[in-house]
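Comments concern the structure below.
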Protein chains: 2
Amino acid sequence: MSTSTVPRPRRQYAKTAQRQAEIIEAATTVFASRGYHGGSLRDIARELDLSLTSLVHHFPTKIELLVAVLQHADSQATWLPGFGDEHGIQAATLKLWESNYEHPELLRLLAIVAAEASAPDHPAHAWFVHRYEQAVEAYSESIRRDQSRGRINPATDPTSAARLITATWDGLQLQWLLNPSKDLTSDFRNFLGQLLAP
Amino acid sequence: MSTSTVPRPRRQYAKTAQRQAEIIEAATTVFASRGYHGGSLRDIARELDLSLTSLVHHFPTKIELLVAVLQHADSQATWLPGFGDEHGIQAATLKLWESNYEHPELLRLLAIVAAEASAPDHPAHAWFVHRYEQAVEAYSESIRRDQSRGRINPATDPTSAARLITATWDGLQLQWLLNPSKDLTSDFRNFLGQLLAP
DNA sequence: GTCTATATTAGGATAGAC
DNA sequence: GTCTATCCTAATATAGAC
């Protein structure tokens, strides 16, 4: 039973697991407000009243910490195969959209690092390319399933629609992050209703 | 005749203007590949075989240089009032989209800094909030104009459509930056055709 | 306008004690 | 696992000569 990627190769003690979770949470906050390059390990340690050394003990390098943060972020996301099986993808997407309002820091972090990582030499480039491919693939699959059940116009190209949903999601989210006082849910709902019409 | 914002209060010599243009260009490249925080003034100076001191002579602080870069970037963009007056906004938008393929570094820079600047305490926060408000406003206006000429369904909400176009544009551009081998123009064209149908 | 040299601060990372 | 102390590098910025 290997846990991979996590920097602890052997047994996990309760305290360690909790500390790592705390560190990931604090790192998310710091990276989200200043970006990956702009956020420092010292800031993260200070947020926890922890020494820098102790932090580094858990995550030996900064990039390892970032990867842990990103993976944790995606472990909470749920656009997985089977997404929206019950009430259709449209309802499931809107529900997921609304749940995202609870974690603005996380959204900001993903937006910043995704843009940073679009440069081919960024340490997280491959991770984000794969992440988007996976998201588009999962969405296409769900759209096809809804089409086979007559919920969506069969003439709609699933892959293209999946790209557009992902894109519009990202773009509206950016606008919302810039100005949270404007609720863009109805815009997104109208967009989905038009794109995924029967 | 005051030139505002530009750090030279008095007369502009040809050499100075050219140097500043060169610096802005190099800064665009560097910020685009490593972000605002991640890109250093040293990198920018090195790119021009210029000393750090000379660079700072032209732009005394890093943030002033960023603002100059952003303003230069937007001086090239053209979603201004009157945009697409002749052949309608849909054609003009697609044309602008295609022209953007020529400046991937600029697009990456804007994507990174826009996300970074979504945090309220970022030095460029206000600038980006205003930039998006302006873009949405200009787009709404153009949509209304096209509606009055019967080119777009009058039931379409101009402001909502403007937000969606901006959002989808940003999102598709991010996907393209991550993986430039996939051409997303047809996706964008289909989206526009559906949203701005008569 | 450009340079060399330097001040100052902050970054990631390590050594070694407890 | 956590700490203090430290190393080394690189960051922005300034001083002063040419």
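Scope of the values below: all heavy atoms of this structure, side chains included, with no hydrogens, waters or symmetry mates. Each chain gets a letter, A, B and so on, in the order its sequence line appears, and its residues count up from 1. What you see is a predicted model; the values in this text were computed from it and never measured.
At a cut-off of 3.5 angstrom, counting only N and O atoms as typed in the model, there is no donor on one side facing an acceptor on the other between the side-chain of Arg19(B) and the base of dG1(C).
Listed for the Ser54(A) side chain is no donor-acceptor partner under 3.5 Å among the backbone atoms of Leu50(A).
At a threshold of 4.0 angstrom between heavy atoms, the contacts of Gly39(A) are confined to the sugar-phosphate backbone, with no base atom among them. At the heavy-atom level, Leu50(B) lies under 4.0 Å from the strands shown only through sugar-phosphate atoms.
There is no side-chain donor-acceptor pair under 3.5 Å between Asn153(A) and Thr156(A). If you check the side chains of Ser140(B) and Glu137(B), you find no donor sitting under 3.5 Å from an acceptor.
The two atoms that bring Leu196(A) and Ile152(A) nearest to each other are O-CG1, 3.7 Å, heavy atoms only.
Looking at the side chain of Val56(A), the nearest of the listed nucleotides dC3(D), dT14(C), dT6(D) is dT14(C). In the set dT4(C), dG11(C), dT2(D), the nucleotide with an atom closest to the side chain of Arg42(A) is dG11(C).
The phosphate of dT2(D) has OP1 or OP2 within less than 4.0 Å of a side-chain N or O from His58(A). Contact annotation: Ser40(A) reaches the phosphate of dG11(C) (side-chain N/O to OP1 or OP2, under 4.0 Å). At the phosphate of dA13(C), neither OP1 nor OP2 sits under 4.0 Å from any side-chain N or O atom of His57(A). Look at Thr53(B) and you won't find any side-chain N or O under 4.0 angstrom from OP1 or OP2 of dA5(C). Within the structure, a side-chain polar atom (N or O) of Ser54(B) is placed less than 4.0 Å from OP1 or OP2 of dC3(C).
In the hydrophobic cluster analysis, where Ile, Leu, Val, Met, Phe, Trp and Tyr join through side-chain heavy atoms closer than 4.5 angstrom, Val136(B) is grouped apart from Phe128(B).
Relative to the ring axis of Phe31(B), Lys62(B) does not place its NZ or CZ within 45° and under 6.0 Å from the centre.
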*Where each pair must be Watson-Crick or G-U wobble with both distances under 3.5 Å, what dot-bracket representation of DNA chain D is obtained, with crossing pairs in [ ] and other-strand partners as |?*
|||||||.||||||||||
